[in-house]
There are 2 protein chains.
Amino acid sequence: MEQQELVKLSDKQRELIEKLGVIMEKTGWSPASSRVHALLTVADRFELTFDEIREALNLSKSATSNALSFLQRLSVVEYITKPGDRKRYFRITADRVMDHLRERLKNIEELHQVLKEVIQQRTTKTVEYNEQLREDYSFCEFFVQKCKKIFQEWEKKKS
Amino acid sequence: MEQQELVKLSDKQRELIEKLGVIMEKTGWSPASSRVHALLTVADRFELTFDEIREALNLSKSATSNALSFLQRLSVVEYITKPGDRKRYFRITADRVMDHLRERLKNIEELHQVLKEVIQQRTTKTVEYNEQLREDYSFCEFFVQKCKKIFQEWEKKKS
DNA sequence: TTTTTGGTTCTGCAAATTGAGAACTAAAAA
DNA sequence: TTTTTAGTTCTCAATTTGCAGAACCAAAAA
């Protein structure tokens, strides 16, 4: 019979949750997922239980559960357990920013792939425009390759 | 009294419009905007009038108008006019891929900025996690800086 | 074996988004 | 001056999304 859990948040923390939340919403996450992620990022304890999260953000169980599944599917959040404790402790996965960017790079790789097909099927009459497209295509390639290098370089730097 | 305009699209072109469309929807564009953009990318003529666009995609005037305004606001699409012709000819703006990526980089810069605030307000008790956050922060910085270099390098390469 | 805990899934509603169709507008043409 | 053209804006209906609340479930505790 445990007493009421509580995650105390300062005004500054609440403000940061909103700011971070909006940034992640812009990348396509739902409001609830964005805020759960933000809460785990700013809270004083960085491992929070399901109920602590839902209480701190005033979410329903379903919203909390769905947000957590979503974030876990993206490998942005993981959970640990503690011996003799049935609860899960959710926390931000390390390296999440880099992984997130890697994920977004995939979108550009998709674009690159489709641009190739577009170029292949284009009429040869629009010479200048085709040149433009080829340039976009090469740029995608260049960019993706360079980004991968950036990731590698960073990993080397860390080790 | 001009005859019916027509933008002929092959099956392959229609397929590519859908593929490209989905990719752009993933970045947050509406279905209609994504398809207008895709049409302008794959059509044999790369400058199309309002009515050609709406007819080729079976859109309403309002959907066409809104999609075009949206794309013009992003500077992804522009229009030209021809002497003695009242119609506007819409087309894809050059360098759109790079500009699009630049735009997305801003999101990371925002994240970088907020991470700084998060770090400043964090309890000093979660030593390891704070280290992780600082690393994310530095990585953002590293990445943004490197990306800007990539853009510069590409521009130099072109000229 | 029943109850409690920690969460997931289902149902349904409210709000936001999207786009159709009609009304509108400004400029050019007749 | 009226009509036509080229496009914009308004209104509304149809989806879509996001989440609350309730029902549900499996494992542990009682």
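Since this is a predicted model, take the numbers as computed values, not measurements.
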- Message: D:dC19, OP1 or OP2 - any side-chain N/O from A:Arg54 closer than 4.0 Å?
- Response: no

- Task: With heavy atoms under 4.0 Å as the rule, sort A:Asn58 into base, sugar-phosphate or nothing.
- Result: sugar-phosphate

- Does a salt bridge link A:Lys19 with B:Glu110, judged by any charged N lying under 4.0 Å from a carboxylate O? no

- Message: What's A:Leu68 touching, base or sugar-phosphate or nothing? Going by heavy atoms closer than 4.0 Å.
- Response: nothing

- Message: Can you give me the bend angle of the helix from C:dT1-D:dA30 to C:dA30-D:dT1? Use the axis through the first five pairs and the one through the last five, nearest 10 degrees.
- Response: 10°

- Query: When you measure from the centre of the six-membered ring of B:Tyr79, is the NZ or CZ of B:Arg88 under 6.0 Å away and within 45° of the axis?
  - Reply: yes

- Item | Nearest listed nucleotide, side chain of A:Ser30, among D:dT9, D:dG18, C:dG6 | D:dG18

- Note on the structure: Rounded to whole Å, CG of A:Leu48 lies from C1' of C:dG6 at a distance of 16 Å

- Starting from P on D:dA6, measure out to OH on B:Tyr79 and report it in whole angstrom. 14 Å

- Assign A:Ser65 to base, sugar-phosphate, or nothing according to its heavy-atom contacts below 4.0 angstrom with the strands shown. base

- Message: Salt bridge check, B:Glu155 against B:Arg102: does any charged N sit closer than 4.0 Å to a carboxylate O?
- Response: yes

Can you pull every protein N or O that's under 3.5 Å from an N or O on nucleotides 21-28 of chain C?
{"residue": "C:dG21", "atom": "O6", "partner": "B:Ser62", "partner atom": "OG", "Å": "3.0"}
{"residue": "C:dA28", "atom": "O4'", "partner": "B:Arg86", "partner atom": "NE", "Å": "3.4"}

- Whole-Å gap separating P (C:dG7) and OH (A:Tyr89): 9 Å

- CG of A:Asn66 versus P of D:dG21: gap in Å, rounded? 15 Å

- Query: Where does the angle between the aromatic ring planes of B:Trp29 and B:His100 fall among parallel (under 30°), tilted (30 to 60°) and perpendicular (over 60°)?
  - Reply: perpendicular

- Message: Using 30° and 60° as the class boundaries, would you call the ring planes of A:Phe151 and B:Phe139 parallel, tilted or perpendicular?
- Response: tilted

- Query: Between atom CD in A:Glu55 and atom P in C:dT5, what is the gap in whole Å?
  - Reply: 16 Å

- Kindly work out whether a path of hydrophobic side-chain contacts (I/L/V/M/F/W/Y, heavy atoms less than 4.5 Å apart) joins A:Tyr89 to A:Leu71. no

- Ion pair check, A:Lys148 and A:Glu109, cut-off under 4.0 Å: yes

- Task: Calculate the interatomic distance between B:Gln72 atom CD and D:dG7 atom C1'; express it in whole Å.
- Result: 11 Å

- Note on the structure: Regarding the side chain of A:Lys87, the nearest nucleotide among C:dT9, D:dG7, C:dG7 is C:dG7

- Item | Integer-rounded Å distance: C:dT4 P and A:Asp51 CG | 16 Å

